[in-house]
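Owing to the predicted nature of the structure, the values given are computational and were not obtained by experimental measurement.
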Amino acid sequence: MGQKLTSQSSKTKKKKGQTFSENQIIHNSPDNIDEPMIIESSCVNFNFVLKNVAEIPSFVWHLTDVQKLNLSHNRLAKLPPALGKLEQIVVLNLSWNNIVYLPREIGLLKNLKVLFVNMNFLYDVPEELSLCNKLEVLSLSHNCISGLPTPYSDLTNLRKLNLSNNWIVNIPVSVFQMRNLNFLHLGSNKIENISDNIKQLECLKIFIVENNKIRVLPRSICSLSTLELLNADFNVLKTLPDDLFMLNRLSRIAWNPIDKGLHIINNPLGDPLADLARGGLSMLFDYLKDRKKMM
């Protein structure tokens with residue numbers, strides 16, 4: 001007799017004294033994926049984590065009502081075109097696999113808002129993903145990506161973009177068109193400079209470019225008045241733009257990577273900038289203001 005997989009709807013409900021919350025995802029997928037099953041077509045949340053499989057069983061691609069699908073921590077090298085059938089998908093987690101490419105059919109997921117493909121082996125990403133114009137969160141960290149397709153500039157609803165730990169040398173041009181970004185993580189790449197176009201990201205609150213090869217912060221970065229965290233640690237900065245004091249939402253010189261503020265201590269800053277930074281943000285900003293007045 002086959003197993004029946006059930007899932008909660010997105011609303012909290014009770015059954016026989018048990019409460020199922022909105023964020024709870026089922027864990028009763030069978031260990032033997034070859035066993036015959038009966039699947040409810042109304043499955044909303046489906047979790048197929050840590051099954052150590054190289055291929056997802058075909059029944060998954062018939063869950064046409066699924067909205068949250070977690071396939072992380074497996075051994076998947078690819079996904080079939082049938083992924084495009086899951087048109088109701090809102091959250092898709094493919095992290096911690098061996099995926100080398102995503103199918104073009106991912107562009108059919110018109111309701112997709114959150115996509116995690118971090119910790120894989122992607123060298124590029126399909127242009128068709130740009131058709132998912134409801135996308136708000138995209139994590140492509142820890143891959144082998146060197147750029148993004150130009151049409152990704154159409155992802156204007158994107159709020160959070162994580163491209164850290166890749167092979168990026170130049171920030172992709174399409175990123176500067178994602179005008180609603182409030183979080184941009186480009187740490188641990190091979191970036192040597194930041195384009196003046198960074199000023200176009202007027203909603204940016206968190207900007208992380210630590211552990212790159214950046215020599216200069218552009219003056220245009222000083223126009224990002226919404227910045228609350230700027231992490232440029234572990235680069236090769238020797239000087240700072242005079243207008244940096246305009247970033248008045250930076251609350252302090254920060255040391256802990258998760259703290260808000262300005263992260264610049266771990267750079268070969270010249271005198272007197274290094275000592276001033278160690279003395280605190282107010283001391284550093286006062287110096288930059290006076291230096292600007294003298295110009």
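- Considering all non-hydrogen atoms of both residues, L109 and C132 come closest at O-SG, 3.5 Å.
- Counting only distance, with no hydrogens or angles, the side chain of N120 and the backbone of N118 share a donor-acceptor pair below 3.5 Å.
- Looking at every heavy atom in both residues, T64 comes nearest to Q88 through O-CG, 3.4 Å.
- The hydrophobic cluster containing F116 also includes V90, V91, V114, V137, under a criterion of side-chain heavy atoms closer than 4.5 Å among ILVMFWY residues, counted directly or through chains of members.
- Put simply, the side chain of D243 never gets that close to the backbone of R219: no donor and acceptor are under 3.5 Å apart.
- Scanning all heavy atoms of the two residues, the minimum distance from K260 to R252 falls at O-NE, 3.5 Å.
- The closest donor-acceptor contact from the side chain of N197 to the backbone of V173 lies at 3.5 Å or more, if one exists at all.
- The hydrophobic clustering, which links ILVMFWY residues whose side-chain heavy atoms are closer than 4.5 Å, places F234 and L217 apart.
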Margin query: Assess the residue pair R75 and N52 against the criterion (side-chain contact (heavy atoms from CB on, under 4.5 Å)); give the C-alpha distance rounded to whole Å, side-chain angles, the decisive distance to 0.1 Å, and a yes or no.
Written below: CA-CA 6 Å; R75 295 185 292 110; N52 198 32; 2.9 Å; yes

Note to self: For N143 and V125: C-alpha separation, side-chain torsions, deciding distance, then whether side-chain contact (heavy atoms from CB on, under 4.5 Å) applies.
What the structure shows: CA-CA 11 Å; N143 279 283; V125 283; over 6 Å; no

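- The backbone N or O of L269 lies less than 3.5 Å from no partner atom in the side chain of N267, so there is not a single donor-acceptor pair.
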Next item on the list: Test side chain to side chain donor-acceptor pair (under 3.5 Å) on R215 and N235 and set out the steps.
Entry: CA-CA 7 Å; R215 296 182 179 277; N235 280 280; over 6 Å; no

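- Between Q177 and R179, the closest side-chain pair of non-hydrogen atoms falls below 4.5 Å.
- Looking at N98, its side chain never comes within 3.5 Å of a backbone N or O of V100 through a donor-acceptor pair.
- Of the residues listed (L244, D286, L262), the one engaging L281 in a side-chain contact (heavy atoms from CB on, under 4.5 Å) is L262, and it is the only one.
- In plain terms, the two heavy atoms of P103 and P126 that are nearest each other are O-CG, 4.1 Å.
- Checking side-chain atoms of T226 against main-chain N and O of L204 turns up a donor-acceptor pair under 3.5 Å.
- In this structure, N74 contributes its side chain and S72 its backbone to a donor-acceptor pair below 3.5 Å.
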Check: Does the pair N157 and L135 meet the rule for a side-chain contact (heavy atoms from CB on, under 4.5 Å), with working shown?
Finding: CA-CA 6 Å; N157 286 314; L135 201 61; over 6 Å; no

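- The same ILVMFWY cluster, assembled from side-chain heavy atoms under 4.5 Å apart, contains both I214 and L201.
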